[in-house]
Number of protein chains: 2
Amino acid sequence: MDLRHLRYFVAVAEEENIGRAAARLHISQPPLTRQIQQLEEELGVTLFTRTPRGMELTQAGELFLEEARNIRALVEQATERAQRAGQGKLGRLDVGIFGSAILDAIPKLLLAFRNRYPDVKVVLHTMTKAEQIEALRQRRISVGFNRMLAPLADLEIRQVTTETLLLAVPARHPLAAQPVIRFAELQDHPMVLFPTGARPSFIDKVIGLCADSGFQPQISQEVGDAVTGVALVAGGFGVCLVPDSATTLQFPGVIYRQLADTPPNFCVDLSCIYRKDDQSPILAAFLNTVDGYREDTA
Amino acid sequence: MDLRHLRYFVAVAEEENIGRAAARLHISQPPLTRQIQQLEEELGVTLFTRTPRGMELTQAGELFLEEARNIRALVEQATERAQRAGQGKLGRLDVGIFGSAILDAIPKLLLAFRNRYPDVKVVLHTMTKAEQIEALRQRRISVGFNRMLAPLADLEIRQVTTETLLLAVPARHPLAAQPVIRFAELQDHPMVLFPTGARPSFIDKVIGLCADSGFQPQISQEVGDAVTGVALVAGGFGVCLVPDSATTLQFPGVIYRQLADTPPNFCVDLSCIYRKDDQSPILAAFLNTVDGYREDTA
DNA sequence: GCCGATGATACCTGCAGGGTATTGAGAAGG
DNA sequence: CCTTCTCAATACCCTGCAGGTATCATCGGC
């Protein structure tokens, strides 16, 4: 049996006349007769009673007609869905994000993507940079978000956005009273640094900036993420450099201040990372959205 | 697209290797490669990523795999159901029965049929003899049950059973007191006759029997069916000849008595009637059951 | 750097699906 | 009652495509 048999069968059942059905199918009558005979023979069932006025469905034929229509509808649906999936409009995208720094760009980005591709289910996985890389290689995620990503042979990195840095200061801290804070002054105050874990990370960025300005920072505490860092600032552990999107973290007793006389490159990137050999149309659609986002915010 | 494409696609998706899939399908590798390419081209979707280790489904491919399996299962189910329908094991049988005389044979027969063909839905329609014939011709029913059916050009009649007649007598009736009632005595007593409606019917049978015995019955009342007739007997309207299955109608004040010296053919048939040109396997199965029933009760 | 595995390509063959011409059977109509 | 019309079925031919064999291209692993 064949989808052609079903198509022909449905046509004959609907027309109740082989000649008209053949015309509708743009074939001549004899091959259609033969196809119907073949179908009946293969099923071992008489689907039509032949009358001098045409073809009439038997009870078995009526039942088979329902099923045939179902099958044809399902085939149509299958092709349609496969095509949408092939265009990245349907399916699932697993995204790796890092603990807390998803404060501004990532939600906006995901929202924009969801609007454009409503039938793609986006699944978020919170994981560290190292976990993201492993998960990408194992294909548990298709794209990861992180900062300070170093080039890798099999993974492609695409920058999403760049943020300048601000200083989180306890409200009673001496620096909080100053109208202007110069970057070099940070050498006199203990700092909270984050994140712990795989290097290079934002920590190295901060230490590098200090080195560029000719000093080593006093490290009061290293913590896992920005939220914890700002919490320690609130607790008086010291000051902390954070990306400006962290200002959405409003802690009582913490104020954010801009810095003067900053070294060059006083900013940190947010990038996404994905497998170079990933041809998935959903990833392509997502990266497309990322590019659109970057242009909008540039 | 073709069911073959789906079969091949599922095989390749399951084996993740064209060579093995080809072996499983008992074809060689190149045509299989080509069929998969055709399928992908027709859908406009890449279903597999080709790796040096074999074929790996894309996300679109995985989705299509589900659908393909569904479709194949549905096709299998459709053939199976069509075949069962073709064998009369699945479907629907519309049966015409008459008002009340379905007292013994018909329920037993329907029960036997239902046991043998549990997936055939039997729909009962109560209708008169004339309505049955019209409904048969219009194909609203496939088989009817009645008595005293006269031959018709397009309808076949098959006798189901034969019943002798009994006399329903009011308990206080003079005849009730006699140890033996002879048929000829009925000429002295008013009788209730049934059914009204299309002739010839059971009424003609009774009148004919009386004529054979040399008298005309005194008609006290004509009624539509046996139940009403026996009710009138209970009300003292007279006696009434009924088929012996009517003894299941137990009315207070009515007793059933056998008759002596009855004329020949002192019995009435129950037959079923169906279209001569009806090739329906369900009807065939039903008639088969009817034959079995007749043999069992013979 | 060679070998083995895997998928892709090239080319051939046989069959099955589609075409034309015709027959057969029943219904309609003069 | 014979003719004619309408359908489906049959006979026969032809072309396109599924499937076969041989071979190539590519990538990992030893």
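Naming convention: chains lettered A, B, ... in sequence-line order (proteins, then strands); numbering from 1 in each chain.
In terms of phosphate contacts, B/Ser28 brings no side-chain nitrogen or oxygen within less than 4.0 Å of OP1 or OP2 of D/dG19. Regarding contacts with the backbone of C/dG17, a side-chain N or O of A/Gln38 is found under 4.0 angstrom from either OP1 or OP2.
Counting heavy-atom neighbours within 6.0 Å of B/Arg4 CZ, excluding the residue itself, gives a total above 12. Counted within 6.0 Å of CD on B/Glu41, heavy atoms from surrounding residues, nucleotides or ligands total 12 or fewer; the atom is thus considered open.
Scanning residues 39-48 of chain B for heavy-atom distances under 4.0 Å to DNA chain D yields an empty list.
As rounded to whole Å, 16 Å separates atom C1' of D/dT21 from atom CG of B/Leu32. When the C1' atom of C/dG19 is taken as reference, atom CG of A/Leu25 falls 15 Å away, rounded to whole Å. Between the CD1 atom of A/Ile27 and the C1' atom of C/dT20 there is a distance of 14 Å, given to the nearest Å.
Using a 4.0 Å cut-off between charged side-chain N and carboxylate O, B/Arg199 and B/Asp204 make a salt bridge. Salt-bridge formation is detected for the pair A/Glu14/A/Arg69: a Lys NZ or Arg NE/NH1/NH2 atom is positioned less than 4.0 Å from an Asp or Glu carboxylate oxygen. With respect to the salt-bridge test (charged N to carboxylate O, under 4.0 angstrom), the residues B/Arg139 and B/Asp94 do not qualify. Comment: A/Glu76 does not engage A/Arg81 in a salt bridge, judged by the lack of any side-chain N to carboxylate O separation of less than 4.0 angstrom. A salt bridge is defined here as a Lys NZ or Arg NE, NH1 or NH2 lying under 4.0 Å from an Asp or Glu carboxylate O, and A/Arg50 with A/Glu16 fails to meet this definition.
Remark: of the listed residues A/Arg114, A/Arg92, A/Arg84, A/Lys89, A/Arg84 is the sole one forming a side-chain hydrogen bond (donor to acceptor under 3.5 Å, both in side chains) with A/Asp119.
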Within the 4.0 Å limit for protein heavy atoms, which parts of nucleotides 2-9 of chain C are touched? Write it as a string from 5' to 3', B for base, S for sugar-phosphate only, - for none. ----SBBB
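Contacts of B/Glu15 with the nucleic acid, taken as non-hydrogen atoms under 4.0 Å apart, are absent. At the heavy-atom level, B/His26 lies under 4.0 Å from the strands shown only through sugar-phosphate atoms.
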